[in-house]
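The structure presented is a predicted model; accordingly, all values stated were derived computationally and were not measured. Proteins come first, then strands; the chains are lettered A, B, ... in the order of their sequence lines, and each starts at number 1.
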Amino acid sequence: MSKHASLPGFRDFHPEEMARRTQIMAAWREVARRYGFEEYDGPPLESLELYIEKSGPEIVNQLFNFTDKGGRDVALRPEMTPTLVRMLGTRIKGLPRPVRWFSTPQLFRYEKQQRGRLREHFQLNMDIIGEESIVADADLLSAALEVLRVLGLTASDVVARVSDRRLLHAALVELGVSEENLAVAYNVIDKVERDPREVCLERLGAIGLDRERAEKALGLTDMTLEQFAAAHPGNEVIAKVAEDLRVYFAALGSLGFGDWVTFDMKIVRGLAYYTGVVFEIFDRRGELRAICGGGRYDKLFSALAGVDVPALGFGFGDVVLGELLKDRGLAATASRALDAMVIAIDDASREAALETVAALRGAGLAVIYPYRAGGVGKAMKAASASGARDTIMIGPDETARGVMKVKRMADGSEREMSVEEYLGELK
RNA sequence: GUGGGUGUAGUUCAGUCGGUUAGAACGCUGGAUUGUGGAUCCAGAGGUCGAGGGUUCGAACCCCUCCACCCACCCCA
C-alpha cells in the first residue's frame with residue numbers, strides 16, 4: 001500500500017482498467033468518424049465565470065475551483081458545452097452548417113462519489129450546431145446508440161427514453177401552470193418514478209394545481225405519444241411537436257434503432273436550457289444511472305454567444321458505461337496483444353535470438369523475450385502467462401539450419417521455419 | 001453538504017466471550033523440470049487488522065474522533 005492513495009473520486013488506471021478505457025475511447029472515436037463528426041478540444045482549466053454565466057452561482061458548489069497565483073478565479077471544466085459555445089460562437093457564421101463536432105474531454109466535479117459517479121470522468125460530447133431539422137435529433141441519438149452497439153450491447157440491454165420539452169411545456173401550460181412554476185413541475189415529473197404519488201400531488205398542489213389537475217398532470221407521464229396527442233385535441237403546438245416526433249421515431253427506425261427507443265414523458269433532464277427533444281439512455285435492468293443524456297438547446301448560443309443558432313448534443317460518460325460493460329462481460333481485459341515470445345535455448349543461442357527479436361519487431365510484430373537465462377520450461381511458462389500467440393525457440397539445432405522453431409500456443413503445434421517464412425505467413 | 005452501512009494479505013473472505021505468534025482460498029515468487037506452457041505437488045514471500053486516541057493485565061474485537069468506500073438524499077454539467 002502506497003503512502004499516498006489516489007484522491008477520492010479519482011482513478012488509477014492499471015492495465016486492466018486502461019484496457020477498458022481504451023476500448024470505450026476507441027468506440028467513441030470510431031462512431032464519431034463514421035457519423036462524420038470533427039474532433040475539437042479546449043483547455044481543462046477555464047475561468048470560473050464561464051460556468052457561473054451558464055449555470056448560475058450555485059454551480060460553484062459542484063466545481064473544482066480555486067484562485068490561481070495571478071488572482072484569477074478558475075475551475076477544472078465540469079462540462080464541455082460552455083467551451084464549445086465559446087469556440088464556435090465567434091466562428092459559426094463562417095462555417096458551413098450544420099457543424100458537427102465531437103470531443104472526449106476529461107471532466108471534473110466536486111461531489112461525493114458513488115458507483116457510476118466520480119469526481120473525474122471522460123465524456124464523449126457530440127454536438128450538431130446550426131440545424132433545426134428533427135432528423136438531426138434522430139441522427140444524434142442514433143450515434144449514441146451506435147456506440148453501444150459497437151461495444152456489443154443490444155436493444156435488450158439498453159433503451160433510449162425520449163421526450164420533448166415542448167410537449168411537457170404545452171401540456172403544463174394548458175393545465176394552468178404558470179411560467180415561474182414550470183421548473184417545479186418539471187422536477188416533479190422528473191422524479192415521478194422515485195417519489196411516492198402523494199408527494200408528487202402535494203408538490204403540484206403547492207404550485208396551484210388542484211387535485212384533479214394534479215392527477216391529470218401525473219397521468220401524462222405514462223402515455224404513449226399517440227395517447228398524449230389524442231389527449232390534447234386542438235392544441236396546435238402539441239399537434240406540431242407530435243408530428244415532429246413521428247418523423248423522429250420513423251428516422252430512428254430507418255437508421256436501425258427502432259427497438260432501442262421509446263417515448264417517455266418522464267424524461268425531463270435537469271438542465272433548464274433544453275428546448276426540444278431530450279433523451280436519456282438506460283440499462284434495461286435499471287441497475288445503473290443514466291448512461292448517456294442529451295437533447296436540443298436552441299437558445300443557448302444566443303444567450304451565451306449572442307449568435308442565434310439552433311443546437312443539440314449529448315454527453316456520454318465512461319464511468320457508467322464501463323460498469324455496464326463489466327456487468328455484461330463485454331469489457332476488454334487484454335492490455336496488450338503479443339505475437340511472440342522468443343526463447344534462446346542456451347547461452348550460445350542468445351545472440352541469434354536477439355537478432356530474431358529485432359527482425360520481428362522491425363517487421364511490426366509485438367515480441368518479448370526473457371531477460372534472464374533459465375530453463376526452457378520456465379521460459380515456456382512465462383510465454384504462456386504472457387499471452388503471446390507463438391513461442392519461438394532458437395537453439396543450436398535451429399541456428400545450424402538457419403530456422404526457428406515456432407510453437408502455436410493455442411494448440412501446441414510446432415513447426416520449423418525461417419523468419420521470412422514466418423513473416424510471410426502472417427500477412 | 002445530510003443520513004445509514006462497511007473497512008482484516010494483491011483479491012475474495014474467516015477470525016468463537018476481549019486472551020499466547022491474525023488464518024484460508026485464489027493470485028504472486030521459487031522448486032519438482034538444464035530443449036517444451038496450461039494440470040498437480042512442495043516450499044516461500046506478502047499484514048501498521050483503514051488512521052489516531054481511549055478503556056483494559058491484555059484489543060482485529062469495546063468506546064471516541066478522523067479518513068476511505070458502498071447505499072439513499074441534495075445535485076446532476
(message) Can you see if the side chain of A/Q114 gets near the phosphate of B/rA72 - specifically, an N or O under 4.0 Å from OP1 or OP2?
(response)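 Result: yes.
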
(request) Using a cut-off of strictly less than 4.0 Å, decide whether A/R194 has a side-chain nitrogen or oxygen near OP1 or OP2 of B/rC73. (result)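 So the side chain of A/R194 is within the cut-off, an N or O lying under 4.0 Å from OP1 or OP2 of B/rC73.
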
(request) Name all pairs fulfilling the ring pair (Phe, Tyr, Trp, His ring centres under 6.0 Å) condition that reach into residues 351-392 of chain A, sequence neighbours left out, sorted by first residue then second. (result)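 Pairs touching residues 351-392 of chain A that pass the test: A/Y369-A/Y371.
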
Expected list for residues 353-362 of chain A: side-chain donor-acceptor pairs under 3.5 angstrom, two or more places apart:
from   : atom 1 : to     : atom 2 : distance (Å)
A/T356 : OG1    : A/A352 : O      : 2.9
A/R361 : NE     : A/V367 : O      : 3.0
A/R361 : NH2    : A/V367 : O      : 2.9

What does [X] touch in the nucleic acid at a heavy-atom separation under 4.0 angstrom: a base, only the sugar-phosphate, or nothing?
| X | value |
| --- | --- |
| A/P82 | nothing |
| A/P78 | base |
| A/G294 | nothing |
| A/E111 | base |
| A/D397 | base |
| A/Y274 | nothing |
| A/G293 | nothing |

Write down the distance separating the [atom1] atoms in [N] and [M], rounded off to the nearest Å.
| N | M | atom1 | answer |
| --- | --- | --- | --- |
| B/rA60 | B/rU55 | P | 16 Å |
| B/rU33 | B/rG38 | C1' | 15 Å |
| B/rA9 | B/rC49 | P | 10 Å |
| B/rU16 | B/rA59 | C1' | 15 Å |
| B/rA43 | B/rC26 | P | 14 Å |
| B/rA22 | B/rG46 | C1' | 14 Å |
| B/rG50 | B/rG15 | P | 15 Å |
| B/rG19 | B/rC63 | P | 15 Å |

Does the structure place the NZ or CZ of [X] under 6.0 Å from the centre of the six-membered ring of [Y], at an angle of no more than 45° from the ring's axis?
| X | Y | result |
| --- | --- | --- |
| A/R161 | A/F282 | yes |
| A/R119 | A/F108 | no |
| A/R165 | A/Y274 | no |

Expressed in angstrom and rounded to an integer, what is the separation of [X] atom [atom1] from [N] atom [atom2]?
| X | N | atom1 | atom2 | answer |
| --- | --- | --- | --- | --- |
| A/K191 | B/rC73 | NZ | P | 9 Å |
| A/E287 | B/rC71 | CD | P | 12 Å |
| A/R115 | B/rC73 | CZ | P | 16 Å |
| A/R269 | B/rC76 | CZ | P | 11 Å |
| A/K54 | B/rC76 | NZ | P | 11 Å |
| A/E280 | B/rC75 | CD | C1' | 14 Å |
| A/I59 | B/rC74 | CD1 | P | 17 Å |
| A/M380 | B/rA32 | CE | P | 17 Å |

(request) Can you figure out which of B/rG35, B/rG38, B/rA68 approaches the side chain of A/P8 most closely? (result)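 Out of B/rG35, B/rG38, B/rA68, the nucleotide with an atom closest to A/P8's side chain is B/rA68.
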
Less than 4.0 Å between a side-chain N and a carboxylate O, is that true for [Y] and [X]?
| X | Y | value |
| --- | --- | --- |
| A/R97 | A/E131 | no |
| A/R289 | A/E323 | no |
| A/R296 | A/D298 | yes |

Could you list the donor-acceptor pairs under 3.5 angstrom formed between side-chain atoms of residues 373-388 of chain A and any protein atom two or more places apart in sequence or on another chain?
from   : atom 1 : to     : atom 2 : distance (Å)
A/S386 : OG     : A/A383 : O      : 2.7
A/S386 : OG     : A/A388 : N      : 3.1

(message) For a quick check, tell me whether the side chain of A/E398 and the base of B/rG35 share a donor-acceptor pair closer than 3.5 Å.
(response)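 Side chain to base: pair present.
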
(request) State which residues pass side-chain contact (heavy atoms from CB on, under 4.5 Å) with A/K216; sequence neighbours excluded, sorted by chain then number. (result)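 Per chain and number, A/K216 pairs via side-chain contact (heavy atoms from CB on, under 4.5 Å) with A/L175.
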
(request) With sequence neighbours excluded, tell me which residues meet side-chain contact (heavy atoms from CB on, under 4.5 Å) with A/L45. (result)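 For A/L45 the side-chain contact (heavy atoms from CB on, under 4.5 Å) partners, ignoring immediate neighbours, are A/F66, A/V74, A/L76.
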
Please list, pair by pair, any protein nitrogen or oxygen found under 3.5 Å from a nitrogen or oxygen in nucleotides 2-7 of chain B.
from  : atom 1 : to     : atom 2 : distance (Å)
B/rU2 : O4     : A/K112 : NZ     : 3.1

Under 3.5 Å, which donor-acceptor pairs do the side chains of residues 182-191 of chain A form with other protein atoms, sequence neighbours left out?
from   : atom 1 : to     : atom 2 : distance (Å)
A/N187 : OD1    : A/R203 : NH1    : 3.2
A/N187 : OD1    : A/R203 : NH2    : 3.0

Check the interface with nucleotides 42-46 of chain B: list each N/O to N/O pair with the protein under 3.5 Å, or write none.
none

Can you give the donor-acceptor pairs under 3.5 Å from side chains of residues 395-407 of chain A to other protein atoms, not counting sequence neighbours?
from   : atom 1 : to     : atom 2 : distance (Å)
A/E398 : OE1    : A/G395 : N      : 2.9
A/T399 : OG1    : A/G395 : O      : 2.8
A/R401 : NH1    : A/E416 : OE1    : 2.5
A/R401 : NH2    : A/E416 : OE2    : 3.2

(message) By nearest heavy atom, map A/E414 and A/D195 onto RNA chain B; which one lands nearer the 5' end?
(response)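 The residue closer to the strand's 5' end, by nearest nucleotide, is A/E414.
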
What's touching nucleotides 27-31 of chain B from the protein side, N or O pairs under 3.5 Å?
from   : atom 1 : to     : atom 2 : distance (Å)
B/rG30 : OP1    : A/K378 : NZ     : 3.2

(message) Can you list everything that forms a ring pair (Phe, Tyr, Trp, His ring centres under 6.0 Å) with A/F301? Sequence neighbours excluded, please.
(response)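 If we apply the ring pair (Phe, Tyr, Trp, His ring centres under 6.0 Å) test to A/F301, skipping adjacent residues, there are no hits.
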
(request) May I ask you to check whether over 12 heavy atoms, not counting those of A/D347, lie within 6.0 Å of atom CG? (result)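 It does not: A/D347 CG has 12 such atoms or fewer within range.
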
(message) Tell me whether the count of non-hydrogen atoms from other residues, nucleotides or ligands lying under 6.0 Å of CD in A/E132 goes above 12.
(response)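 For A/E132, atom CD is not crowded (no more than 12 foreign heavy atoms under 6.0 Å).
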
(message) Which helical stems does RNA chain B take part in, if a stem means at least 3 consecutive Watson-Crick or G-U pairs with both distances below 3.5 Å?
(response)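 So far as stems of 3 or more pairs are concerned, RNA chain B shows B:1-7 with B:67-73, B:10-13 with B:23-26, B:28-32 with B:40-44, B:50-54 with B:62-66.
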
